[in-house]
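Notes for the one structure printed next.
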Amino acid sequence: MTQTLLQLRQQIDSVDQQLLMLLNQRATLANEVGDIKRHEGSPVFRPEREAQVIHSLQAASPGPLKGDSIAHIWREVMSACRALEAPQRVAYLGPAGTFSEQAAVQFFGSSIEHVPCASFDEVFRAATSGTAQFGVVPVENNTEGVVTRTLDLFLNSPVHVIGEISLLVRHNLLRLSPTLEGVDVVLAHAQALAQCQGWLATHLPNAERRAVSSNAEGARLAAGNPAWAAIASERAGAEFGLHLGAHAIQDDAFNRTRFAVICLPQVLGAPEASGKDCISLIVSVPNRPGAVHDILVPLKTHGVSMTRFESRPARSGQWEYFFYIDLQGHPSQPHVAAALKDLQQLCAFYKVLGTYPASD
Ligand SMILES: O=C(O)C(=O)C[C@]1(C(=O)O)C=C[C@@H](O)C=C1
């Protein structure tokens, strides 16, 4: 005979008690690791170790838990353990409820100290001044392309990239009333307005589109005026007491934004290999025919895959460009080291932005 609901719940309670004991045992061990790290002066956050923990658990799991769920659960477990070792302060474009905040929590788990900032420039400043140990900034969106301000800030900043997050971005129309009638102004970050332009042209063709510093800031403003609406996350709507006028209004159902996690190089030290890593570079080449082709040759020769190639004007007045390149691999791998060495020799400017575990 099958078991009753009561019997099954009693078993769940018993498993939960065992899990609680085991999780506390894990937290105690992490605390001891924290003591060693304090003694050695080494960093608390080890992204490559966390990536390895998750990958090996996903590989070992007999099911029925899904790989994604395993990653979520252990991200939170390690976040809580990490916070016991030392609180980690993370800066992002605020206020509360932005997608940047969501990305920060997706990467670090929820046991972090939040440092909301007014602009991307301020996130970089917070991460360089020590106000925060880490920053989270958007790099590119799959419908709107690169976030140019972030790429330009990378050029002259001393920060390194230590991780990446890909976030499914769902935009909603939020306002004080639950209908779309009487909306005069739609407020959002310029990127979000662009990602929803088709929907806006169809449903609110006469409303003024007003760019503000963040979507959550738009939500805050919309909470003060019944004729204004904001494009933002459900979380931002809840934060400012707004109704959901329309759900998932982004033009691309698979609208994703990629975020980079940044910090000063001394915060984490030299990045160790996780087994599935990525290297981000900024390079420029002499302005002569074939120079861009030439920088691809060492990658082909040494068998290194390139996953991204973006250009930004160098603002020299000479039609020169900086190229933002992502490669697969880690500099400790001989073929990657050889490709980087050959590449560097061809470049007028060469900067390693960071080496970090690739996001899944
Ligand atoms: O292994 C470590 O270095 C730890 O501090 C433990 C732990 C974990 O909870 O597993 C916590 C924080 C680090 O980022 C990596 C892993």
Side-chain angles (χ1 to χ4, degrees), residues 16 18-61 65-92 101-115 126-127 130-137 159-167 259-280 330-332 353-360:
D16 281 346
Q18 294 171 54
L19 277 176
L20 182 66
M21 293 303 154
L22 289 170
L23 286 171
N24 274 313
Q25 201 177 321
R26 192 187 192 287
T28 307
L29 291 167
N31 246 335
E32 286 176 32
V33 172
D35 290 341
I36 294 176
K37 287 179 177 172
R38 248 188 313 281
H39 185 70
E40 287 178 347
S42 57
V44 164
F45 182 44
R46 297 294 353 161
E48 76 292 342
R49 167 69 184 156
E50 296 197 8
Q52 281 162 355
V53 168
I54 289 173
H55 288 153
S56 60
L57 289 169
Q58 285 172 326
S61 173
L65 275 181
K66 294 204 175 95
D68 274 2
S69 307
I70 291 172
H72 277 117
I73 294 165
W74 262 271
R75 172 77 54 242
E76 278 302 322
V77 168
M78 289 191 281
S79 181
C81 290
R82 215 194 297 129
L84 288 176
E85 293 183 38
Q88 310 288 298
R89 290 185 310 279
V90 184
Y92 55 82
E101 183 190 52
Q102 218 168 297
V105 169
Q106 184 171 312
F107 186 79
F108 288 99
S110 44
S111 299
I112 50 169
E113 286 183 9
H114 294 233
V115 183
T131 307
Q133 283 123 322
F134 302 99
V136 172
V137 282
V159 297
H160 273 188
V161 176
I162 57 124
E164 61 173 8
I165 312 133
S166 170
L167 194 75
F259 292 82
V261 185
I262 56 173
C263 69
L264 285 174
Q266 57 267 34
V267 172
L268 285 195
E272 286 172 30
S274 74
K276 198 175 160 219
D277 298 283
C278 205
I279 303 167
S280 291
H330 191 276
S332 61
L353 266 186
T355 301
Y356 49 92
S359 74
D360 292 317

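Just so you know, ligand 1 is whichever comes first in the structure, and atom 1 is the first atom listed for that ligand. Any value given below was found using the heavy atoms of this structure, including those in side chains, with hydrogens, waters and symmetry copies removed.
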Q) Does Leu57 have any side-chain contact (heavy atoms from CB on, under 4.5 Å) partners at least two apart in sequence or in another chain, and if so, which? A) Val53, Ile70, Trp74
Q. Taking only residues two or more places apart in sequence, or in another chain, which ones meet Leu23 in a side-chain contact (heavy atoms from CB on, under 4.5 Å)?
A. Val77
Q: List, ordered by chain and residue number, the protein residues whose closest non-hydrogen atom lies under 4.0 Å from any atom of ligand 1.
A: Arg26, Val33, Lys37, Val44, Phe45, Arg46, Arg49, Glu50, Met78, Cys81, Arg82, Glu85
Q: Determine the interplanar angle of the Tyr92 and His114 rings, folded into 0 to 90°, and report it as parallel if under 30°, tilted if 30 to 60°, perpendicular if over 60°.
A: perpendicular
**Q.** For Glu40, all residues meeting side-chain contact (heavy atoms from CB on, under 4.5 Å), sequence neighbours excluded
**A.** Ile36, Ser42
Q.
Can you confirm whether Ser359 sits close enough to Ile165 that some side-chain heavy atom of one is under 4.5 Å from a side-chain heavy atom of the other?
A. no
Q) Hey, what's the ring geometry for Phe134 with Phe108, parallel, tilted or perpendicular (30° and 60° as the breaks)? A) tilted
